[in-house]
Amino acid sequence: MEREPTPWERMEAADAYVPPLLAPALKRLEAGFDRFLDDAAARTELDGLLESFAGRPTALTEALHLGRRWGGRVFLKREDLVHGGAHKLNNALGQCYLAQYMGFREVIAETGAGQHGVATAIAAARFGLKAHVYQGAVDVERQSLNAHRMRLFGATLHPVYEGSQTLNDAVNAALRVWVGRHEEAAYCLGSVTGPRPYPRIVRHFQRVIGDEARRQVRRVTGGLPDCLVACVGGGSNAAGLFTAFVDDPSVALLACEAAGAASLTFGSLGTLHGTESLVLQTPERNIAPTHSISAGLDYPGVGPWLAGLKLGGRLQSVAITDDQALDGLEELAREEGVLCALESAHAVAGARQWLARNPGRTCVIGISGRGDKDLDSYLKARGG
Ligand SMILES: *Cc1c(COP(=O)(O)O)cnc(C)c1O
């Protein structure tokens, strides 16, 4: 028996707002994805690659010192250990697998700080696909190491010289190119955002995080955690961690946003990149400018599934300042020997606040990536 879709699943499945020229490409993608889901051999092949190439399952580490300091039990779901250094490869590997499964030879992707571009370039190399990555020219400059990485993996990087020359403009440019090239190229989208069916596809490829964490935490504690904590930019690592627990009402879900880009906490319903969701808007309903020390969280929208959870009262969200995130990064490194990404540090800070209000409980923090990429930003902010 099929159950009724939840309000958040309905929000995720809402029709896309896209140029009519893209509608057939999105339909074809949805059909290809459903064919893949019904193909047990294909799913097994991708699972094999997640293990042998990406390094899954990732560890669940108990943070004993943080547990003692904060008064509870704290577990870290270690996506920093995925090949490439973040959860992004789970999705890029899935979508590039799907691209070659559907017969494409090329993939197009957008990237902000370059993390999704790097993950796409890695996955495309593995499958022998040609990758074209669009990145705002300001970001190419700011994130030059990632630009070099992408080129080493054989991708062609296209700097975008429009608008503010950052992520929003890169998405617009990449989608425009795809309109003209969707017969020969797949589009590999980086988070649980964008037009249907991307939010569902990306959440599917990331749900491995929570599926593993559920088995791992049960093995250690014999039960379920009281709270899951994850940082939210577009929302893919959070949705990936939360999906396996969303039907367990005893498990609280906490989304940690950058205070300067907190669309779940401060946004209102609007349309961005083809989907209706919570969006940061000016009173004139233009997209509001955002700021975060972590490039991965610096996005004015959020995936519709998470927005639906928030509107339905199933998800709490909290806005974390740059300074609180820097403190979280330092505390995790010093106490546990784990250097997390600045994005993930928002979740560390949020978990600390949650345990202060809920002493003695157990929480799982999604450590979405490793922090080596952020050392420059850290040193600039904290002066070494
Ligand atoms: C890109 C990125 C994020 C934010 O993206 P989500 O889709 O919200 O997960 C978080 N952490 C790291 C390490 C990232 O690279």
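Index from 1, following the sequence. First listed ligand is number 1; within each ligand, the first listed atom is number 1.
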Seminar exercise, completed: Among G235, A119, S294, G112, closest by heavy atom to atom 8 (O) of ligand 1 is G235

For this session: Flag G369 as yes when one of its N or O atoms lies below 3.5 Å from any N or O atom of ligand 1, and as no otherwise.
Result: no

Problem set entry | Considering all heavy atoms, the nearest Q281-S268 contact | NE2-OG, 2.9 Å

Exercise. Hey, does E79 sit under 4.0 Å from ligand 1 if you only count heavy atoms?
Worked result: no

For this session: Considering the heavy atoms of A341, write down every atom of ligand 1 situated less than 4.0 Å from one of them.
Result: 13 (C)

Problem set entry | Q115 N/O to ligand 1 N/O under 3.5 Å | no

Exercise. Any N/O of A86 closer than 3.5 Å to an N/O of ligand 1?
Worked result: no

For this session: Could you list the atoms of ligand 1 found under 4.0 angstrom from a heavy atom of G296?
Result: 4 (C)

Problem set entry | Check ion pair E162-R176 (N to O, under 4.0 angstrom) | yes

Exercise. Does the pair R382/D322 count as a salt bridge with the N-to-O cut at 4.0 Å?
Worked result: no

For this session: Could you pull out all residues at least two apart from R126 that satisfy side chain to side chain donor-acceptor pair (under 3.5 Å)?
Result: none

For this session: Give the C-alpha distance, both sets of side-chain angles, the deciding distance and a yes or no for side-chain hydrogen bond (donor to acceptor under 3.5 Å, both in side chains) between E110 and N172.
Result: CA-CA 9 Å; E110 83 293 337; N172 292 335; over 6 Å; no

For this session: Compute the centroid of each ring, for Y187 and then for H182, and state whether the two points are separated by less than 6.0 Å.
Result: no

Exercise. Taking only heavy atoms of G233, which atoms of ligand 1 are found under 4.0 Å from at least one of them?
Worked result: 8 (O)

Exercise. Taking the six-membered ring where the residue is Trp, are the ring centres of H273 and Y17 under 6.0 Å apart?
Worked result: no

Exercise. Of the protein's non-hydrogen atoms, which lies at the shortest distance from atom 11 (N) of ligand 1, and what is that distance?
Worked result: S368 OG, 2.7 Å

For this session: Check each atom of ligand 1 against the heavy atoms of C231 and keep those under 4.0 Å away; list them by number with element.
Result: 10 (C)

Exercise. Which hydrophobic side chains are connected to L280, either touching it within the sub-4.5 Å cutoff or through other members that do?
Worked result: F266

For this session: Pull out every atom of ligand 1 sitting under 4.0 Å from any heavy atom of V232, numbered as shown with elements.
Result: 8 (O)

Exercise. Looking at S236, which atoms of ligand 1 are within less than 4.0 Å of one of its heavy atoms?
Worked result: 6 (P), 7 (O), 8 (O), 9 (O)

Exercise. Less than 3.5 Å between some nitrogen or oxygen of S191 and one of ligand 1, yes or no?
Worked result: yes

Seminar exercise, completed: Closest heavy-atom approach to atom 5 (O) of ligand 1 among E257, R370, K88, E343 is made by K88

Exercise. Is E9 salt-bridged to R200, going by a charged N under 4.0 Å from an acidic O?
Worked result: no

